[in-house]
Amino acid sequence: MNESENILAGKKLPLPSPRSPAQLDERVLAEARKALPRQKTYRQPWWFAGSAAAAVVVVAVTLNTTNLTTMSTPAYENIVTDSESKTEAARTTLEPRLDMRKASFESKVAKPSVHDAHRQEKRMPVAAAAVAAEAAPAPAAPSPATARLALEERMNSLPKSAMAGQAMSDTDADIQMHYEKEVEQLPGNILNTLQRLTELEPSSDNAKIAISEYEKLRASCRACGLPATLEEARKKYLLP
Amino acid sequence: MAKMWNRLRSDESLMLAYQRGDMGAFESLYQRHKDALFTYLFRSCSRHAIVEEVAQETWMAVIQAAVRYRPEAKFRTWLYQIAHHRMVDFWRRPDNRHSNLEDVPEETAPQNQGEIIDEIEKQVMNALAQLPQEQRNVVLLREQGFSYEELADIVGVGRETIKSRLRYARQQLSTIIGTSDEAIVGATLEGQP
């Protein structure tokens, strides 16, 4: 009875507790090993899904990084870099715009200084003759090669930040806006002529020639809608 | 290192690892439950040959079901559910149709296993053998530490049915063993729900 009381203290029925025999263990484990290859073919390793997800993330990040780099260049850079491979039709379409940009850029960036003004006085007759020659009805447009060369020179003079597609400086932004707003409507040769006419000093004799030539220019292109005076035209098309 | 890690893992985790091809996980799982399962089966039947056969069938069923195993319930509950059904199937065989073990020669564990069955244990085993099979199974599963809900899942009946079977089993065992040992019966059949 003492023994049963001791068992009672454990709160368990006094029952035998035999252990699993060794031969049974061997049989069971052997069967488990035999079944193992079948189970391996059904399931992938636990890390497979995680590695696949990580690989997808890495590829996505790489593609996004690549896209950010290639999309950062401005549109006009493509014109310069791909000019060699463009067709004749595309080049012809671009010519008037290239001329306008060249002319406006020269007026903005290459403004004559005091010294240049003196030199210009000496060169006026020559310049006037040149302008007169250019102001002839329907002057020939510059060749595509010349226009491209002019644009390339302009592009090379721009700051590196603009070429790399970063934010343009205020001056470059103004040039860009000026091109797009006021100059789109005018043919390229008209704008060239206008530029040369306005370079003449108002007080010189050549100014009268310039005004006269301007009137001829207006007459040659009624549809262009040029203002009544040369000064108005200069303010409208050549100044910001 | 892997064995140490497997000792810390849950049964469900080990089973899923075996499902993925980790043999070491199954070995750990088997080592964890093999003795308790064998004990339960032995207390149900007391015939070593039959107990080994049922135990082997139980583990074979676990191995074959590993491919589609889902940890929807506790592994231990699932394991004893398989063992319980295997034991019920054994008793339903035509040559094993005994409502209890009264007519079955009593067997004790072989001495080479190191187990000593004293008189009290024999007395309790004899009393259990006189219980109806349904009540005996519930008592023995309760001895393994299962709650009422887990017992209901294993046996496949409601919680109240489990409680009533345990109550009747207690009364029967008290009658069989004697009033002096009624505390032994009560100590086991009470406890956590």
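In the text below, chain A, chain B and the rest are named by the order of the sequence lines, each starting its count at 1.
- Residues forming a salt bridge (charged side-chain N to carboxylate O under 4.0 Å, His left out) with B:Glu134 (at least two apart in sequence, or on another chain): none.
- The backbone N or O of B:Met23 sits nowhere less than 3.5 Å from a side-chain atom of A:Arg33 that would complete a donor-acceptor pair.
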Let me see the working for B:Glu121 and A:Leu15 under side chain to side chain contact (heavy atoms under 4.5 Å, CB included), right down to the final yes or no. CA-CA 5 Å; B:Glu121 289 178 351; A:Leu15 289 167; 5.6 Å; no
Side chain to side chain donor-acceptor pair (under 3.5 Å), that's the test. Do B:Thr39 and A:Arg19 meet it? Break it down for me. CA-CA 7 Å; B:Thr39 296; A:Arg19 302 185 65 178; over 6 Å; no
Step-by-step side chain to side chain contact (heavy atoms under 4.5 Å, CB included) determination, A:Ser20 to B:Glu52: CA-CA 8 Å; A:Ser20 175; B:Glu52 282 194 30; over 6 Å; no
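- Proximity of A:Ser17 to B:Arg43: side-chain heavy atoms (C-beta onward) are separated by under 4.5 Å at one or more points.
- Of the residues considered (B:Leu41, B:Val51, B:Asp35, B:Leu37), B:Asp35 shows the highest number of contacts with chain A, using heavy-atom pairs under 4.5 Å.
- A donor-acceptor pair under 3.5 Å links the side-chain atoms of B:Tyr18 to the main chain of A:Ala32, judged by distance alone.
- Remark: of the listed residues B:Val139, B:Ile120, B:Leu140, B:Val139 is the sole one forming a side chain to side chain contact (heavy atoms under 4.5 Å, CB included) with A:Leu13.
- Residue contact with chain A, scored on non-hydrogen atoms closer than 4.5 Å, involves the side chain of B:Met60 exclusively.
- Here B:Tyr30 contributes atom OH and A:Leu24 contributes atom CG; the two are 4.0 Å apart, rounded to the nearest 0.5 Å.
- Side-chain contact check for A:Leu36 versus B:Phe26: every heavy-atom pair is 4.5 Å or farther apart.
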